[in-house]
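Ligands are counted one by one from 1 in listed order, and the atoms in each one are counted from 1 as well.
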Amino acid sequence: MQQITLTQPDDWHLHFRDNDMLLETVPATARTFKRAIVMPNLVPPVVNAELASAYRERILAARPQGSDFEPLMTLFLTNNTTVEDIRAAKKAGVVAAKLYPAGATTNSDAAVKGIEALFPVFAEMAEQGLLLLIHGEVTESHVDIFDREKLFIEKFLVKIVDQFPQLKVVFEHITTSDAVDFVNTSSQNVAATITPQHLLLNRNDLLVGGVRPHNFCLPVLKRSTHQQALRKAVATGSSKFFLGTDSAPHEKQAKESACGCAGCYSAWSALELYAQVFEELDALDKLEGFASHHGADFYGLPRNTKKITLVKDAWQVPESITLPNGELIVPFFAGQTVQWALK
Ligand code: NCD
Ligand code: ZN
């Protein structure tokens with residue numbers, strides 16, 4: 001096939017950052033996606049309706065002229081989040097709240113230490129129809145980084161979905177066969193996002209032949225058997241899995257460092273790379289469901305009406321991008337060839 005036309009897709013998990021950086025990140029995403037779930041891990045985090053509304057306005061102001069891109073806002077859960085915060089967020093149009101175990105990833109120090117203490121908040125979210133988005137990794141220092149997702153399922157996720165069967169839960173950026181199995185065997189109220197990097201790469205791409213900081217993200221890339229399980233999951237066309245790029249920019253100097261930041265900035269190539277994966281899997285007919293239908297259906301939002309077309313036309317991702325502040329970002333897949341292009 002040389003061309004594929006899809007309902008315009010949405011990105012169900014990304015990081016836009018703030019201020020000047022929005023002039024880079026918002027157009028990059030609005031290029032292909034109609035909507036995006038915007039992660040709340042700013043400094044300070046987006047912990048209430050007021051902050052979410054103000055952040056939404058800054059994102060809207062950074063859209064390219066004529067763009068109808070729509071940010072979908074989320075709340076950052078902390079141990080201080082109240083039932084009232086959830087009600088106010090719902091009123092302000094916030095669609096979900098994000099659970100980061102404390103210390104799990106970039107800017108998550110303010111996050112949740114005792115998950116059980118948040119159960120009244122989860123009950124209110126179920127009541128209000130707010131989704132719970134989970135970064136599913138335990139953070140105890142003695143737990144091996146490659147086992148953190150699997151252990152989170154056993155220690156917390158099983159309990160959460162058991163206690164709140166009405167709560168819609170998105171297991172974000174899953175990376176293991178354990179997560180695929182958990183989602184597949186859970187109720188219709190449990191789904192997962194999958195990133196391009198976890199479909200395209202495994203931990204060899206991070207470590208063999210030298211450390212590759214631009215492939216470092218969290219949850220960290222796993223062994224190839226897990227990558228294969230993710231690929232198999234999307235190839236089935238199951239509506240429980242949908243597109244979430246986790247596009248997460250960091251300046252080049254912050255990633256190429258003795259203690260490099262986690263995050264892959266994929267917005268300029270993500271949709272095209274997903275198409276590449278689905279083609280490799282001989283499952284291009286499943287791309288539209290994954291990219292454009294399953295997420296909207298799960299969130300209870302209307303599917304988009306516009307169409308976009310991808311053509312088989314190889315191009316090279318630039319080695320770097322210059323930010324409005326003059327700093328550089330090395331995009332995901334920098335210098336490599338992408339097989340599909342937006343028409
Ligand atoms: C994200 C970031 O940089 O904000 N990093 C990442 O590796 N995914 C945070 C996150 O989604 O965990
Ligand atoms: Zn993320």
Practice item. Using a strict 4.0 Å threshold on nitrogen-to-oxygen distance, state whether K252 and E327 make a salt bridge. Key: no
Review point. Tell me, do L99 and L133 make a side-chain contact under 4.5 Å, heavy atoms counted?
Key: no
Review point. Can you list, by chain and residue number, every protein residue with a non-hydrogen atom closer than 4.0 Å to ligand 1?
Key: H13, H15, R17, N41, T105, T106, H135, H173, C217, L218, D246, A248, H250, A262, G263
Review point. Is T7 close to H293 at the side-chain level, that is, under 4.5 Å between some pair of heavy atoms?
Key: yes
Check your understanding: In terms of side-chain heavy atoms, does H250 have a donor or acceptor partner in R17 at a distance below 3.5 Å?
Key -> yes
Review point. For the rings on Y55 and F16, is their centre-to-centre separation under 6.0 Å?
Key: no
Review point. Are F76 and Y100 an aromatic pair by the rule of ring centers under 6.0 Å?
Key: yes
**Study point:** Metal environment of the Zn ion (ligand 2), protein N/O/S under 2.8 Å
**Key:** H13 NE2, H15 NE2, D246 OD1
Review point. Going by heavy atoms in the side chains, are V317 and V338 under 4.5 Å from each other?
Key: yes
**Study point:** Distance flag, aromatic centroids of H173 and H135, threshold under 6.0 Å
**Key:** yes
Review point. Salt bridge or not for R303 and D297, using N-O below 4.0 Å?
Key: yes
